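In what follows, a single structure is set out as structure tokens and then discussed.
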Amino acid sequence: TNTNAYSFNLCDKHTPAHSCDDRERTGYATFVDFLEASKDIGLRLSVTLYPPSEAVDDNCQIPCDSNRTAWNETALFDAKLGYLDYGAWAENIGRLTAQYPHLVSMTIDDFSHNLSPAGPDRRGVYFSPAFVATVTRRLRAHSPRFTLVPVVYFFNGGTETFGGAIDLPMTLDAPLFYFRNELEGAGPCADPSCPWGPRAPANVSDRHGGCLAGECATGTARNAPQEIERVATYLPAGRKMHVGFYATGHSSLGDPTARYVYEIMPAILTQPSVAGVNVYCAWAPANTSDCSALSAVGAHGDKGTIS
């Protein structure tokens, strides 16, 4: 598949009533096991954290201490902030990359939807340029080459994401821009016969924000270069981005076809401002000798990368 990097979505979903040994596969202990199992196979790893807008609803918790490290992970975190203590995450992940050098980057999902203060359930946490600079500094204290690659979308609240936050690109090592045809909008997917996702508005006239709905979306792959180069105009000279696309679908915009995937990858990779492409989601083959170590620690359903 030419995949040379893998991003692990990290969210401990245990509750106070459960022990640290009773977690879903996205837990921190599984992640550290994954780092150990993959250290000698030539695969670079990234870790994806949930943003405030998702971490609270998904009940993401402070990580439990791992017996594979020399420090106490839990003790790094402010109990009042819980999972939303991204400074502690930066410190912890920085220490991990010193132990596991193939851990090379950190992603924050839906980063660009969390650029301003929101409700009290998010405990005042949002991603201002100053906040991002602090997180990056703590990451780099342990590994100067470690990169922060947060997820951004073309629009945020009806405004181009970087157009409404001009200083923000200066603080990012490389944005991970997810293409979903936002500039054109629904476009060919506006046809009532197009198969939108289960969370799409029931009223067809209310469907907007992109186009991934089956065969209707296939032709939109040609729009990727325009959006990519528009985002690139906001980046510092010489800085590149990663670009993600949806291979397994979106909750409201729908599921693209294999033809779409075939066409979107070269459309992205041929752009001069692109350093790599992220596939959402990637599934590890089952019962193969080459993938047995990864399958054993739950390496499936996250994000593969070609860079």
Side-chain angles (χ1 to χ4, degrees), residues 5-14 23-35 44-66 69 73-74 76-97 100 102-115 118 121-129 131-143 146-153 161 168 171-178 242 244 278 280-282 298-299 301-305:
Y6 184 86
S7 184
F8 190 102
N9 288 340
L10 183 56
C11 172
D12 271 278
K13 296 185 180 181
H14 62 87
R23 289 164 294 201
E24 298 187 11
R25 67 173 181 83
T26 50
Y28 178 75
T30 302
F31 173 58
V32 180
D33 287 345
F34 182 80
L35 286 170
R44 290 176 294 166
L45 296 183
S46 178
V47 57
T48 298
L49 300 180
Y50 286 35
S53 57
E54 294 183 11
V56 174
D57 289 343
D58 284 354
N59 194 36
C60 297
Q61 303 292 318
I62 290 174
C64 295
D65 186 36
S66 170
T69 64
E73 285 88 344
T74 305
L76 297 175
F77 286 76
D78 182 337
K80 292 181 180 179
L81 291 176
Y83 183 95
L84 304 186
D85 190 349
Y86 294 99
W89 276 117
E91 175 67 27
N92 189 58
I93 290 168
R95 294 186 187 190
L96 279 176
T97 197
Y100 297 104
H102 64 301
L103 175 60
V104 297
S105 65
M106 183 176 90
T107 295
I108 301 175
D109 198 15
D110 285 1
F111 174 89
S112 63
H113 291 340
N114 292 264
L115 301 181
D121 60 329
R122 300 187 192 177
R123 299 159 210 170
V125 177
Y126 65 98
F127 303 130
S128 67
F131 183 91
V132 173
T134 298
V135 168
T136 303
R137 175 178 55 79
R138 295 188 70 174
L139 285 168
R140 297 272 174 75
H142 300 277
S143 178
F146 196 85
T147 56
L148 177 65
V149 190
V151 172
V152 301
Y153 302 104
T161 292
L168 188 62
T171 68
L172 307 181
D173 295 318
L176 169 52
F177 166 61
Y178 264 89
H242 282 248
N278 282 51
Y280 180 87
C281 297
D302 293 338
K303 302 169 186 175
T305 305

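In this text, all values refer to a predicted model and were calculated from it rather than measured experimentally.
- In terms of the side chain to side chain donor-acceptor pair (under 3.5 Å) criterion, residue partners of Thr69 (sequence neighbours excluded) are, by chain and number, Glu73.
- Qualifying side-chain contact (heavy atoms from CB on, under 4.5 Å) partners for Thr136, counting only residues two or more places apart in sequence or in other chains: Val132, Arg140, Leu148, Asp173.
- Tyr126 meets the side-chain contact (heavy atoms from CB on, under 4.5 Å) test with Pro117, Ser128; sequence neighbours excluded.
- Shortest non-hydrogen contact noted between Pro63 and Asp12 is CA-OD2, 3.8 Å.
- Pro150 and Phe111 make their closest contact through CB-CG, 3.4 Å (heavy atoms, listed as atom of the first residue, atom of the second, distance).
- With respect to Trp89, the ring pair (Phe, Tyr, Trp, His ring centres under 6.0 Å) criterion is satisfied by exactly one of Tyr83, Tyr50, Phe31: Tyr83.
- With Phe127 as the fixed residue, the side-chain contact (heavy atoms from CB on, under 4.5 Å) test singles out one of Leu115, Thr171, Val135: Leu115.
- For residues 81-92, the pairs satisfying salt bridge (charged side-chain N to carboxylate O under 4.0 Å, His left out) are Glu91-Arg95, Glu91-Arg138, with sequence neighbours left out.
- The heavy-atom pair separating Ser46 from Thr107 by the smallest distance is OG-OG1, 3.6 Å.
- Across Cys11 and Asp58, no two heavy atoms sit closer than the pair SG-O, 4.2 Å.
- Taking CZ of Arg122 as the start and CG of Asp57 as the end, the distance is 8.0 Å to the nearest 0.5 Å.
- In this view, Thr161 satisfies the side chain to side chain donor-acceptor pair (under 3.5 Å) rule with no residue, not counting sequence neighbours.
- Residues passing the side-chain contact (heavy atoms from CB on, under 4.5 Å) test with Val104, sequence neighbours excluded: Arg44.
- Residues Asn278 and Tyr178 meet the side-chain proximity criterion, which asks for heavy atoms closer than 4.5 Å.
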Please report the C-alpha distance between Thr30 and Phe8 in whole Å, then the side-chain angles of each, then the deciding distance to 0.1 Å, and finally whether the side-chain contact (heavy atoms from CB on, under 4.5 Å) criterion is met.
CA-CA 10 Å; Thr30 302; Phe8 190 102; 4.0 Å; yes
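- Contacts of Asp110 classified as side chain to side chain donor-acceptor pair (under 3.5 Å), with partners at least two apart in sequence or in another chain: Tyr153.
- For Phe177, the ring-ring contact (aromatic ring centres under 6.0 Å, His included) criterion is met by no residue, not counting sequence neighbours.
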Could you walk me through whether Tyr280 and Val151 satisfy the side-chain contact (heavy atoms from CB on, under 4.5 Å) test, starting with their C-alpha distance in whole Å, then the side-chain angles of each, then the deciding distance to 0.1 Å, before giving a yes or no?
CA-CA 12 Å; Tyr280 180 87; Val151 172; over 6 Å; no
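- With hydrogens and angles ignored, the 3.5 Å screen pairs no side-chain donor or acceptor of Ser105 with any backbone N or O of Thr147.
- Judged as a side chain to side chain donor-acceptor pair (under 3.5 Å), and not counting sequence neighbours, the contacts of Ser53 are Asn114.
- Scored by the ring-ring contact (aromatic ring centres under 6.0 Å, His included) test, Tyr100 finds no partners at all (sequence neighbours excluded).
- The line from CG of Leu10 to CZ of Phe34 is 11.5 Å long, rounded to the nearest 0.5 Å.
- Of all non-hydrogen atoms in Leu84 and Pro52, the two that sit nearest each other are CD2-CA, 3.7 Å.
- In this pair, Phe131 and Tyr86 present their aromatic rings perpendicular. The plane angle is above 60°, beyond the 30 to 60° band.
- Here the CG atom belonging to Asn9 is positioned 7.5 Å from the SG atom belonging to Cys281, to the nearest 0.5 angstrom.
- The shortest non-hydrogen separation linking Met106 to Ile93 is SD-CD1, 3.4 Å.
- Between the CG atom of Leu45 and the NE2 atom of His102 there is a distance of 4.5 Å, given to the nearest 0.5 Å.
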